[in-house]
Amino acid sequence: MKNALNLLEDWTRALPSYLRPSRRTPYQYYGTGESAHWPVQSNFNVAAALAVLGTHADYHPIDGGLDSNLLVKTALSLFRYGLSTHVGGPHTCTDGKQWGHSWISVLGLERMRHGLESLAPHLTAQDRARLKEVLLSEADWILDHHPVIAGIEAKDNRPESNIWNGCHLIRSAMEYPDAPRRDAYLEKATSFFLNGISVPADASSSTIYRGKPLATWHVGPNFTENYGLNHHHYLNIGYMVICLSNIAMLHFAMKERGTPLPDEVYHHVEDLWKVVKSFTFADGRLHRIGGDTRARYCYCQDYAYPVWLFASDHFKDDTTSFESGWLKILATEMAANGDGSFLSKRLAAVRASNWFYFARLESDRALALSQAAYWGPKAERKKTNPIAVPDAWEDGFHGAVAHRSRSRLASWVWKGAEGPALICVPPDRSDLVEWQKSLLGEFCTAGHLCPQPGRAVVQTFPGGFAACGQLYWKETLPMGEGEGTDILVDHQVAAVALPDGRSMIVLQRAKTMKDCILTEVKSLGLKIPNDLWNGDRRHYRGSNKDYEAAGIPADWQRVSIDSPALTVDETLTLTQGYGPTGFHIFRPPERRIAILRATPPRLGTLYADEVCLRCEIGSQFYPEDSRLIDDGFALTLAHEPKGLELRQVDPFSPEVRAVRCTDERGSYLFVANFGAKTTTRLPSEFFDCQILTSGSKPTIEGKYLSMEMEEFQTALFRI
C-alpha cells in the first residue's frame, strides 16, 4: 500500500500546472496568488509539502516528477512570495493587494510550520528576519485588534479561529523570547485556548489557569455540553476536526523543540477527541451525521490525519486503521484520476468553474500528507490507552441523536447542513453514507427550494431512539419580479432506530402549501453513493428483478422495481410499509452531491443513486393542499431480513401514522403524531405490549388501547 510520501511523489507529476511565475515579485506562486486567505493558505500549504518532500531522505523522483533540489527551490520561492506580499512587504499579490492582519491570516503560516523546519538549513538571514517581522506583526495585530469571542450560536461561534490565533501567539512567545510583548502574547493565548473548546460548564469552573479560575477566563461556550458544534449554522463534525488539527500541529512543533505546553492548550481536547472518534469509520472516513456544505471528503477530512497522529502520540490511542484506511481511499482516487492530481476527476466541475477553489482543495491534501510524512515516524505508537467509543450520543441544541451497535450506525440530526439528516448504515460500510436529504424525500423547483427545520421532538431509550419533526420547503430564489420567497411544502418526518440493533423505520407526510410547479417529487430518497470508491457499481435486487447501476448515465434514468422489498449490494434492505407500490432508482446524469450554493453552476463532488418510493421527475403543477407524500418504510442492515413484515395500523386519528414491524426476532409497533395534540386508539391486539418511549401511557378503553399524544410525539411498543 502506498504511504503518504508515495502519494506526494505521485502528486509532483500534476504540480507544475498549478505553478505560475509572478509578474509583481521575483518569485513563483501556487494557484491564483491573490491576497484572499484561501490563495494565501494554498500557497503556504504547497510550500510546506514541497519542503518536506524535497528534504525527505526517502524521496525518490518518479517518471515525470521533480528532483529534490527543484522541490526545495520551488518551496523557497513560494514561501518568499508569501512573506514578500504580506502587509508592509515590498511586493503585492496577483490582485495588486497585500495580505494579513485578519482573523484568519495566520492560519496558512500555522499549517506550514513543519515545512519551515524542513527548510531551515536553506533559509537565509534575510528570510529569517522577514519571517520574524511577519510573525510578530500578526501577533501584535491579534493582540490589539482581535477580540476573544465565543458562543454556541453561529454568529459568535469561533472555536477554530480562537485556537489557531492562540497557537500563533504561544508560538511567537516561545520562538521569540526577546519579543517586547511576549507576556501579553501568553496571556491572550490562554484566553483564546480556554475559549476554543469551551462548554457551558466552564462558566462556573474553579480550575486555575495562569493564576485565575477558568470561570474568570470564560467568554462563552463554543460547544454544547455534549460537544456538539454549531459551526456554519449546523452540527459540524468537520470543524470539530479542524479545532483538534491546529492543536495537533502546535503539539508536535513544541514536542520537537522540547518545549512543554501549558495545560490550557489541551483544554477539553480529550473530551472532543472522544466525540470525533465516535464519528469516524474504521477506514478513517468522517461520519458527518449533520452533513457537509462543502466538497465531500476534502478539507476537514484531510486535516483528520494530523489529529490521528496527535491522538496516537498524546493519548496513546490506536489510530492505525484510520490512517491506513484513509491512505487506501486516497490512493484509489489518485489512481482513478491518472494525472497525479488528488481530485481532478471527481471534482471536475469545480476545476472547470473555479480554479481558486480547486487549487485550495488540492493544496489541503498535499499539506496533510506532508504532515503525515513528517510527523508520522515521530509519533509514539504505544497504544496503551485505547479510548472507548460510546454507544449513544445526543445533543439537544441540534435535535441530534446517534446510536451505535455492532451492526448499525443510526442517527437523526434536525439542524443539519441542508436541513434534517437521517442515517442508517453498517459500521463497516462508510462507502454507503451520504447525508444530503437522504431518507427524507425531496422536492425541487426550477429555482432553489430549501428545507428549513421547524419543531422536532427526540426521545432515547436503551438500544435506540425515536424522533418526529416538521420541516418547510421554502423557495429562496424566485424568478418573477416581486415574487415572494414562499413556503411551498409542509413536510413531517418520524423515525425510530429499533432496539434490534439493525433496523430503522421512517414515516413521512407532505403536502403543498400553495399552488406551485415542482420539477421533482421523491419520497424515501435514500442516497447511495455510486462513485469511484465502490468501482462505480451498485447492485439492486427486488423479488423479481436485479439491476446493476454502473457509472454516471448520459441521460436521466428512472428504473422501476416492482417489489415490496429492495436490497442494496446484499448489505441493506428496504421494506415498504404503505404508500406507493414498488421502488424506483433515480439516476441523474451528474454528480448531484454538491457544494452548497444558491446559484448555478452545480459544483458536484460525489455521485449518488437515489432510491425512492414516489418518484415524479419533470415539471408538474400541484394545486394547494396536494398530498405529495404519505408513506412508510423500514431499512434493515441485512441482505435478506427473513420474514420481515411492515404493515400499516389504523390509529383512528387523521394526523397519526402507525406501523407494525415483525421479523423472526420479534415485533414492534411505532406510532407518530404529525399534528396537534390528539387521542389515538389502537386495536386490542396491542393490549399486552410494552411501551419503550416516554410520554403518556396507554389505557384500555373497551376494545381499544387509547393514548393521548402531544404534537410530534412518538411511541414505540415491543409486542
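Source: prediction; values computed, not measured.
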For this session: Hey, can you tell me if His231 and Tyr239 have their rings parallel, tilted or perpendicular (30° and 60° cut-offs)?
Result: tilted
Problem set entry | Asp609 side chain to Asn530 side chain, donor-acceptor N/O pair below 3.5 angstrom | yes
For this session: Check each of Arg592, Lys527, Arg296, Arg285 against Glu434 using the salt bridge (charged side-chain N to carboxylate O under 4.0 Å, His left out) test, and report the only one that passes.
Result: Arg296
Exercise. Does the pair Lys511/Asp625 count as a salt bridge with the N-to-O cut at 4.0 Å?
Worked result: yes
Problem set entry | Arg404 side chain to Ser278 side chain, donor-acceptor N/O pair below 3.5 angstrom | no
Problem set entry | Residue pairs involving residues 671-712 (criterion ring pair (Phe, Tyr, Trp, His ring centres under 6.0 Å); sequence neighbours excluded) | Phe652-Tyr704
Exercise. Got more than 12 heavy atoms from elsewhere within 6.0 Å of NZ, Lys697?
Worked result: yes
Exercise. Excluding sequence neighbours, so at least two apart, what forms side-chain contact (heavy atoms from CB on, under 4.5 Å) with Asp546?
Worked result: His539, Arg541
For this session: Carefully, step by step, assess Thr567 and Thr573 under the rule side chain to side chain donor-acceptor pair (under 3.5 Å).
Result: CA-CA 4 Å; Thr567 298; Thr573 298; 2.9 Å; yes
For this session: Check the side chains of Thr445 and Glu475 for a donor-acceptor pair under 3.5 angstrom, ignoring hydrogens and angles.
Result: yes
Problem set entry | Ring geometry between Phe223 and Tyr227 (parallel below 30°, tilted from 30 to 60°, perpendicular above 60°) | tilted
Indicate every side-chain donor-acceptor pair of residues 418-425 with a distance under 3.5 Å to a residue at least two apart or in another chain.
{"from": "Glu418", "atom 1": "OE1", "to": "Lys437", "atom 2": "NZ", "distance (Å)": "3.1"}

Problem set entry | Close aromatic pair by centroid cut-off 6.0 Å: Phe443 and His491 | yes
Exercise. Between Asp490 and Gln470, does any side-chain donor sit less than 3.5 Å from a side-chain acceptor?
Worked result: yes
Exercise. With a 4.5 Å limit on heavy-atom distance, are the side chains of Phe633 and Ser523 in contact?
Worked result: no
For this session: Report yes or no: does Asn222 contribute a side-chain atom to a donor-acceptor pair with the main-chain N or O of Gly196 at less than 3.5 Å?
Result: yes
Exercise. Is the CZ atom of Arg627 crowded by more than 12 outside heavy atoms at less than 6.0 Å?
Worked result: yes
